[in-house]
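First the structure, in the form of structure tokens, and then the observations on it.
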Amino acid sequence: MKIGIDSYCYHRFFGEVYPDQDTPKKTMTMTDFLQRAKQLDVDGVSLESCFFPSFEPSYLGELKSQLDECGFDRVFAWGHPDGLERGKNPDAFMEMKKLIPCTKMIGADVMRIVGSSLQFRHEDHAPQVKAIIAQCKEAVGIAEDHGVKLAIENHIDFTADEILQIIEGVDSPNFGVNFDTGNFLRLLDDPIAGMEKLAPYVFSTHIKDLKAEPCAKPTDWFFFAGVPVGFGLIDNQRLAELLARHHYQGFLAVEIDHPHSDWTGFEDEAVGISVKNLRKIADSLLETEAD
């Protein structure tokens, strides 16, 4: 099982600072992020398109060269923060379709997409699911033409059953899941039960670990806040085992979105610890296969 990092771990350094966070003293470029990922000796990176300085072919070609030089597997991640806005933002839909070819231009096969977000989670889900199925059926045709797989993330919006409904509705081998191990918990939906349903369709991952934030209200989206893998409530060992059982071909991408107060300002340290603990999980899977 390969290990990776999603660039959103460093969102403060890319310029997105939450209202309750401090602005960092230094900033980060995409090259800086790739260099840090190389230092951590990971196998892959998931690159959030919201932090791309350009989508010009010249820049994407340069980025591909850097990724190739590092030897990274890669995912092109579109949709932060609200994606298709439950199927009601035609401009976002047009942007998503337009950027599908960028996936191949950076040498990736998988494009993470977002159907909705926590902003709309309390609205009726049935029309949201119907609208997203319709849009994704159209988009996956473009993806198929470009040799790209679309992976819809559970984005604190839909339950595992609803994600499965979307997958079955789109009904394409090029349409699956970016499985976020923490976001189901934030909906009080069991991540293990979710993986048991969705593992055959997982193209990419966000590997979170979370624990309750005493400084937050239960209604805050970050009430379950980010900690290093192995420090929280998520059984990422079991989730990785389920992925391995279904011959998952991607990498386990660490993502820390809103650090727990114990880790405020220490995102990089938390990422490093997460990478080490994910390697232990990956090694245990190899030992199991050997037995």
Side-chain angles (χ1 to χ4, degrees), residues 3-42 44-55 59 63 66-67 70 72 74-83 112 114 117-119 153 155-157 178 180-183 185-186 204-217 219-232 234 252-278:
I3 310 301
I5 306 171
D6 188 282
S7 60
Y8 199 72
C9 293
Y10 297 94
H11 63 83
R12 284 197 313 132
F13 302 91
F14 279 108
E16 183 183 61
V17 181
Y18 298 156
D20 62 325
Q21 293 180 323
D22 294 329
T23 300
K25 295 181 180 179
K26 64 177 182 179
T27 58
M28 177 176 276
T29 66
M30 191 70 74
T31 299
D32 294 331
F33 169 69
L34 297 181
Q35 290 175 346
R36 181 56 181 147
K38 189 67 175 176
Q39 290 170 354
L40 291 170
D41 195 28
V42 297
V45 290
S46 176
L47 302 177
E48 297 285 341
S49 66
C50 58
F51 300 138
F52 276 47
S54 171
F55 295 110
Y59 172 74
L63 179 59
Q66 293 182 57
L67 291 163
C70 292
F72 286 147
R74 61 210 73 163
V75 169
F76 180 71
W78 175 87
H80 178 75
D82 299 312
R112 187 287 305 271
V114 172
S117 72
L118 59 96
Q119 182 177 347
E153 182 178 341
H155 202 238
I156 324 180
D157 45 16
N178 182 93
D180 188 301
T181 65
N183 283 348
L185 177 61
R186 286 169 165 163
S204 54
T205 64
H206 284 166
I207 305 298
K208 287 189 177 78
D209 209 347
L210 306 173
K211 72 175 185 179
E213 172 57 75
C215 301
K217 297 178 294 186
T219 51
D220 289 333
W221 72 270
F222 54 88
F223 177 76
F224 290 110
V227 294
V229 170
F231 284 54
I234 308 297
L252 303 176
V254 175
E255 188 193 35
I256 299 172
D257 48 17
H258 194 295
H260 190 277
S261 55
D262 292 345
W263 292 90
T264 299
F266 296 97
E267 298 99 319
D268 187 59
E269 290 83 351
V271 170
I273 294 169
S274 296
V275 167
K276 289 180 180 178
N277 286 340
L278 280 180

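When a residue number appears, it is its place in the shown sequence, counting from 1. Hydrogens, waters and symmetry mates are skipped; everything else that's a heavy atom, side chains included, is used.
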Practice task
Without swapping roles, check the side chain of H11 against the backbone of E16 for a donor-acceptor pair under 3.5 Å.
Solution key: yes

Problem - Distance (rounded to the nearest 0.5 Å) between Q119 CD and D82 CG - result: 4.5 Å

Problem - Heavy-atom side-chain proximity of L47 to V75 below 4.5 angstrom - result: no

Exercise for the section: Over all heavy atoms of both residues, which pair between L210 and G182 is shortest? Give the atoms and the distance, please. Expected result: CD1-O, 3.4 Å

Problem - Sidechain-backbone polar pair: T27 side chain, F14 backbone, donor-acceptor under 3.5 Å - result: no

Exercise for the section: List in chain and number order the residues that pass salt bridge (Lys or Arg N to Asp or Glu O under 4.0 Å) with D262, two or more places apart in sequence or in another chain; answer none if no residue qualifies. Expected result: K211

Fill in the blank from the handout: To the nearest 0.5 Å, atom CD1 of I5 lies from atom CD1 of I207 at 13.0 Å

Problem - Gap between atom CD1 of I156 and atom CZ of R186 - 0.5 Å precision - result: 4.5 Å

Exercise for the section: Check whether any side-chain N or O of S274 sits under 3.5 Å from a backbone N or O of V254 as a donor-acceptor pair, and report yes or no. Expected result: no

Problem - Y10-D32 side chain donor-acceptor pair, cut-off 3.5 Å - result: no

Handout entry: Within 6.0 angstrom of F266 CZ, more than 12 heavy atoms from elsewhere
Key = no

Problem - With S46 via side chain to side chain donor-acceptor pair (under 3.5 Å) - residues at least two apart - result: D6

Practice task
Indicate whether the side chain of E213 and that of S261 have a donor and an acceptor atom separated by less than 3.5 Å.
Solution key: yes

Completion exercise
Between the CH2 atom in W78 and the CZ atom in F52, the distance rounded to the nearest 0.5 Å is 14.0 Å

Exercise for the section: Classify the ring geometry between H258 and F222 as parallel (under 30°), tilted (30 to 60°) or perpendicular (over 60°). Expected result: parallel

Exercise for the section: Look at the aromatic rings of H80 and F51 and report parallel, tilted or perpendicular, splitting at 30° and 60°. Expected result: tilted

Fill in the blank from the handout: When every non-hydrogen atom of G232 is compared with those of D209, the smallest separation belongs to N-OD2, 3.0 Å

Exercise for the section: Please round to the nearest 0.5 Å and tell me the distance separating atom CG of L63 and atom CE of M30. Expected result: 6.0 Å

Completion exercise
Scanning both residues in full, the closest heavy-atom pair of F13 with P24 reads CE2-CB, 3.6 Å

Practice task
Would you mind reporting whether E269 and P259 have side-chain heavy atoms less than 4.5 Å apart?
Solution key: no

Practice task
Please determine, by modelled atom types, if N178 and S204 share a side-chain donor-acceptor pair under 3.5 angstrom.
Solution key: yes

Handout entry: Straight-line distance of I234 CD1 to T181 OG1, nearest 0.5 Å
Key = 5.5 Å

Exercise for the section: Check E48 against S7 and note the closest heavy-atom contact, atom names and distance. Expected result: N-OG, 3.0 Å

Problem - Exercise: identify the closest heavy-atom pair between S54 and Y59 - result: O-CD2, 3.2 Å

Problem - Ion pair R112/D180, N-O distance below 4.0 Å - result: no

Practice task
Using distance alone, with no hydrogens and no angle criterion, decide if H206 and N183 have a side-chain donor and acceptor under 3.5 Å apart.
Solution key: no

